[in-house]
Amino acid sequence: MDNSKYAAPSSDVGMGTRVVWGGEQVRHPYNATQAPIVVSAAYGYDDIDNWYDVALGKEPGFIYSRMSNPTVEVLEHKLCELERAESAVAFSTGMAAISGVLHTFLACGQRVVSTRDSYGGTNKIFEEFLPRMGVQVTLCDTLDTEQLEREIAKGCNVLYLETPTNPTLKIVDIRRLVAAAKRVGALVVADNTFATPLNQNPLALGVDVVVHSATKFLSGHGDAMGGVVCGAEALMAQVRHYREINGASLDAFSAFLIIRGIKTLALRLRQQQASAQLLAEYLCTEPLVESVNYPGLPQHPGHAIACTQMNGFGAIVSFVLKGGMPTVARLLPQLKYAHRAGNLGAVETIYGPARTTSHVENTPQERQALGISEGLVRVSVGIEESADLLADLQQAFAFVRSQPGAAPVHPDPAHSWVDAGA
Ligand code: PLP
């Protein structure tokens, strides 16, 4: 990766400055102040020798946009600045990035250790696709660090982590598990989508490869899909080679939207996580709520670890409603300032039950085995005024409580950690 023409803000500037200036070209073509959207599929050469040198990577330049693209390259450099990585590779979606990484670093006869709680699509790769390729997959109880250490010590090629987890917001002790993985020479991969590079930099904690769904907080507006992988150039060269052949490259227009979104990430997240803390604290007092998951709550079991590895607790809250799905179906339509949709990280607040969002790919039996209760609702807190979001949620609960038969008759059996009112 040629970094010379891209701006690297000095190391002492804050993240709010870094998201704006990081990775932008020192001078964009035409003296444009914004990265141009280059939609060309191929790049032409009159000099055959020069063309050949570029194709071999001996000279900087572009050949074909499945391999590399000028707009996508700006995004990749921006991510390097945010994750303080040597190199980055962008993909068409977060899942393309995750499957790209797992296919790059795992082969038949090898072993991956991970946690049971990870995004539903990632879980599908572990349960369905990797075993078909002859990769041995061991999924441990996410919060049982000793079990994870025992399984890692048996020998593995890749340790795959996600923290905070989607949608139950469990916190994994990155430093401790990295130490266990290093003892057996395993590569450590971490999904940093929920934390964002502002709240957590896994590479600084010893992780080798960071993945993001750029569809979420990075793009921030629910209007682009993408994924990014970051790490040392020696590793990213392998990931880039896989992408070139697999073909799940990011298109220039999506790259532009994600670049534009990232510039406001610090501003957005500040507002979003202040509201998330407020909503989480309110939900703890709500009689219809059985449990609340938010690492910013002092009683959250991962709070202490989160304080050691995160700079903020993020903008996702989840809660289990008493009465399960019937209560979910009553509550969500009452919300005025919310999408009911399967996405997160956008400027608008988004509510969704796990069974139609993070774990839509899983069967009810699989969700039950994963401890994903049917009454679990995930809130991706938007940038609206905190007071308005709180009032909206309060009026929705008040409505449900006022309805005949709304009282929780069957408390949800899949109990989470934080008791309502605690
Ligand atoms: N990782 C996490 C934590 C996610 O929440 C998601 C999607 O929700 C993904 C990865 C997959 O990203 P995408 O939908 O961009 O493929």
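Indexing begins at 1, ligand by ligand and atom by atom, following the structure's order. Throughout, residue positions are numbered sequentially from 1 according to the sequence presented.
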Look at the aromatic rings of F126 and Y160 and report parallel, tilted or perpendicular, splitting at 30° and 60°.
perpendicular
Assign the ring pair F397 / F319 to parallel, tilted or perpendicular, where the plane angle (0 to 90°) is split at 30° and 60°.
tilted
Under 3.5 Å, is there a donor on one side chain and an acceptor on the other for H28 and E24?
yes
Give a yes or no on this: more than 12 heavy atoms of other residues, nucleotides or ligands lie within 6.0 Å of atom CD of E385.
no
Could you tell me whether the side chain of T93 and the main chain of M225 form a donor-acceptor pair under 3.5 Å?
no
Do any nitrogen or oxygen atoms of ligand 1 lie under 3.5 Å from a protein nitrogen or oxygen, and which ones?
{"unit_1": "ligand 1", "atom_1": "1 (N)", "unit_2": "D191", "atom_2": "OD2", "d": "2.6"}
{"unit_1": "ligand 1", "atom_1": "5 (O)", "unit_2": "N166", "atom_2": "ND2", "d": "2.8"}
{"unit_1": "ligand 1", "atom_1": "8 (O)", "unit_2": "K216", "atom_2": "NZ", "d": "3.1"}
{"unit_1": "ligand 1", "atom_1": "12 (O)", "unit_2": "S213", "atom_2": "OG", "d": "3.0"}
{"unit_1": "ligand 1", "atom_1": "15 (O)", "unit_2": "G94", "atom_2": "N", "d": "2.9"}
{"unit_1": "ligand 1", "atom_1": "15 (O)", "unit_2": "S213", "atom_2": "OG", "d": "2.8"}
{"unit_1": "ligand 1", "atom_1": "15 (O)", "unit_2": "T215", "atom_2": "OG1", "d": "2.6"}
{"unit_1": "ligand 1", "atom_1": "16 (O)", "unit_2": "G94", "atom_2": "N", "d": "3.1"}
{"unit_1": "ligand 1", "atom_1": "16 (O)", "unit_2": "M95", "atom_2": "N", "d": "2.8"}

Determine whether the side chains of S87 and E233 contain a donor N or O and an acceptor N or O closer than 3.5 Å.
yes
